[in-house]
Amino acid sequence: MSWIREETPPDENTWSERFRKFCADVLKTGPIPKHVAFIMDGNRRFARKKGMDRTEGHLMGFEKLAETLKWCRDLGINEVTVYAFSIENFKRSKEEVESLMEIARQKFARLLEEKEAIMKHGVCIRVLGNLTLLPLDIQRSIAEAMRMSKDNDKAFLNVCFAYTSRHEISNAVEEMAEGVEKGLIRPSDISESLLDRCLYTSHSPDPHLLVRTSGEVRLSDFLLWQSSFSVLSFMEVLWPEFSFWHLCAAVLHYQKNHQAIMRARDQHNQEREQALRQADYDSAVAELQQEDPDKTDQSKWASLPTLVRKQETERDQRVREFLQHLDRKRAKFLDSLVQKTE
Ligand code: FPP
Ligand code: MG
């Protein structure tokens, strides 16, 4: 089945669909989270409950994902990130890993066949994780799907696959260390905001709302860095049974907590800015102290504000070029995957 669910023509709308639309319109009078992340948990418990095999549970899980994407679109949520396969999931039985890979193989291939609908809806698809852990043919389909949709900007779908947050954060740290080693950035350029921009999620805002189904109340190594200021909704429902009404309940929960979270987030952003300014000031002072010792103290310190501005401009320039280098490196990696043969 397909990733993109199309609109029902207005003359075929049932009463229940009209009622859903009415409720969505009411919900939209309040703040809507622009980015929602889902830990789609409970597929196997659902399969057990219904006497199905596990693979069928995961397939139902995929159907629910496609349905949920449509509900998000209807509510004006334009970015969704899902946890589809964790690096930890490789420890499951060989049969289950193989069947999940087979689902991924089919679904990512299907994504390429749905190019027209994806371009029509302007969906940018990103698959985030350690792609090198995946079978080559899946890596190739993923790379093609990402390249095909990279310039779309109406909606964003991030599929975390072969992903854990710890891997993502260590990868970002390695990138920064390499940047220092190559002389692209200085150790003093390393900051929270730079790490943010080295994560796989660098092109997305942090999720406003994170939903986990199945009653588990952990993050399981998902978006640990990015979810500090997200509203968390842990729901008792198994993922294949998730409904539009569960999504509405999670959005209501977000609306109730929205103001307090925004306040905390804004304060944190101000503190970050302050820390950057302090780092520029400290570098300027260090530079002044090494300068010509003959200069009188007074004339030295008079040039401090100019020097602070210079530090800021130079840091911005180094960081910009480093991030462009990282983007090019990641794009080149995707290109190499498309061309790779078994
Ligand atoms: C968690 O339920 C679900 C997964 C590990 C797999 C999720 C995969 C899909 C929904 C298919 C999506 C595929 C693509 C390509 C996007 P669980 O297996 O942990 O179930 P349990 O908690 O009941 O044991
Ligand atoms: Mg589980």
Side-chain angles (χ1 to χ4, degrees), residues 1-5 36-72 79-114 118 123-131 133-135 137-146 149 155-165 200 210-223 234-243 246-247:
M1 278 291 268
S2 120
W3 287 73
I4 304 253
R5 299 282 156 93
V36 181
F38 292 95
I39 303 181
M40 311 181 285
D41 196 20
N43 292 350
R44 295 183 301 185
R45 274 167 280 173
F46 173 79
R48 241 188 337 265
K49 190 168 122 183
K50 299 284 175 189
M52 302 169 167
D53 69 36
R54 279 183 197 152
T55 307
E56 225 173 319
H58 291 310
L59 280 169
M60 300 284 282
F62 176 81
E63 292 311 308
K64 188 54 68 177
L65 166 61
E67 221 177 339
T68 304
L69 292 177
K70 159 90 172 56
W71 298 331
C72 286
E79 180 144 9
V80 169
T81 301
V82 292
Y83 207 4
F85 191 84
S86 142
I87 294 176
E88 290 297 306
N89 289 153
F90 281 112
K91 294 180 187 155
R92 291 191 177 185
S93 71
K94 189 164 169 277
E95 300 78 61
E96 189 178 352
V97 173
E98 271 171 12
S99 91
L100 277 164
M101 288 302 143
E102 190 48 40
I103 294 177
R105 182 170 284 116
Q106 287 171 16
K107 298 305 175 189
F108 287 123
R110 177 76 201 230
L111 200 52
L112 295 171
E113 290 164 17
E114 294 185 337
I118 283 160
V123 188
C124 170
I125 291 139
R126 305 183 188 115
V127 181
L128 317 177
N130 185 355
L131 302 186
L133 298 175
L134 300 170
D137 60 324
I138 301 183
Q139 291 187 34
R140 242 194 327 264
S141 312
I142 288 175
E144 278 180 43
M146 283 171 72
S149 65
F156 299 87
L157 170 62
N158 309 307
V159 181
C160 293
F161 209 85
Y163 173 93
T164 59
S165 234
Y200 296 138
L210 188 154
V211 178
R212 179 173 190 157
T213 57
S214 93
E216 298 289 344
V217 289
R218 308 172 277 130
L219 288 180
S220 300
D221 224 338
F222 180 55
L223 303 181
F234 296 104
M235 312 195 99
E236 284 294 333
V237 61
L238 301 174
W239 174 249
E241 290 175 331
F242 188 73
S243 69
H246 292 105
L247 180 61

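Atoms within each ligand, like the ligands themselves, are counted from 1 in listed order. Below, all heavy atoms of this structure are taken into account, side chains as well, without hydrogens, waters or symmetry copies. We number each residue from 1, following the sequence as shown.
In this structure, CG in Asn43 is found 11.0 Å from NZ in Lys64, a value given to the nearest 0.5 Å. Taken from CG in Leu65 to CZ in Phe242, the straight-line distance is 11.0 Å, to the nearest 0.5 Å. In this structure, the separation between NE2 on His58 and CD on Glu102 is 13.5 Å, given to the nearest 0.5 Å. Here CD of Glu95 is found 12.0 Å from CG of Asp53. Values are rounded to the nearest 0.5 Å.
Between Tyr83 and Phe222, the ring planes lie parallel to each other; the angle is under 30°, not in the 30° to 60° tilted range. Aromatic ring orientation, Phe38 versus Trp239: tilted (interplanar angle from 30° to 60°).
Within the protein, the number of N, O or S atoms lying under 2.8 Å from the Mg ion (ligand 2) is 1.
Among all non-hydrogen protein atoms, the one lying nearest atom 13 (C) of ligand 1 is Phe62 CD1, 4.0 Å. In this structure, atom 1 (C) of ligand 1 lies nearest to the protein heavy atom Met40 O, 3.2 Å. When only non-hydrogen protein atoms are considered, atom 20 (O) of ligand 1 lies nearest to Arg44 N, 3.1 Å. Nearest to atom 6 (C) of ligand 1 among the protein's heavy atoms is Ala84 O, 3.3 Å.
We find that Lys91 and Glu88 are joined by a salt bridge, their nearest charged nitrogen and carboxylate oxygen being less than 4.0 Å apart. For the pair Glu96 and Arg44, the salt-bridge criterion is met [side-chain N within less than 4.0 Å of a carboxylate O]. A salt bridge is absent between Arg45 and Glu241; no separation between the charged side-chain nitrogens and carboxylate oxygens falls under 4.0 Å. Using a cut-off of 4.0 Å between Lys/Arg side-chain N and Asp/Glu carboxylate O, Lys94 and Glu98 are scored as salt-bridged. Between Arg5 and Glu63, at least one side-chain N (NZ, or NE/NH1/NH2) sits under 4.0 Å from a carboxylate O, which counts as a salt bridge.
At least one N or O atom of Arg92, backbone or side chain, sits closer than 3.5 Å to an N or O atom of ligand 1. Any N or O atom pair closer than 3.5 Å counts here, and Arg45 shares at least one such pair with ligand 1. Taking distance alone, with nitrogen or oxygen atoms compared against 3.5 Å, Ser214 stays at or beyond that limit from ligand 1. Distances between N or O atoms of Asn43 and those of ligand 1 include at least one value under 3.5 Å.
Under 4.0 angstrom from ligand 1, the non-hydrogen atoms of Asn89 all belong to its side chain.
Under a 4.0 Å criterion applied to the non-hydrogen atoms of Gly61, ligand 1 contributes the atoms 10 (C).
Within the structure, ligand 1 lacks Phe85 among the residues with a heavy atom less than 4.0 angstrom away.
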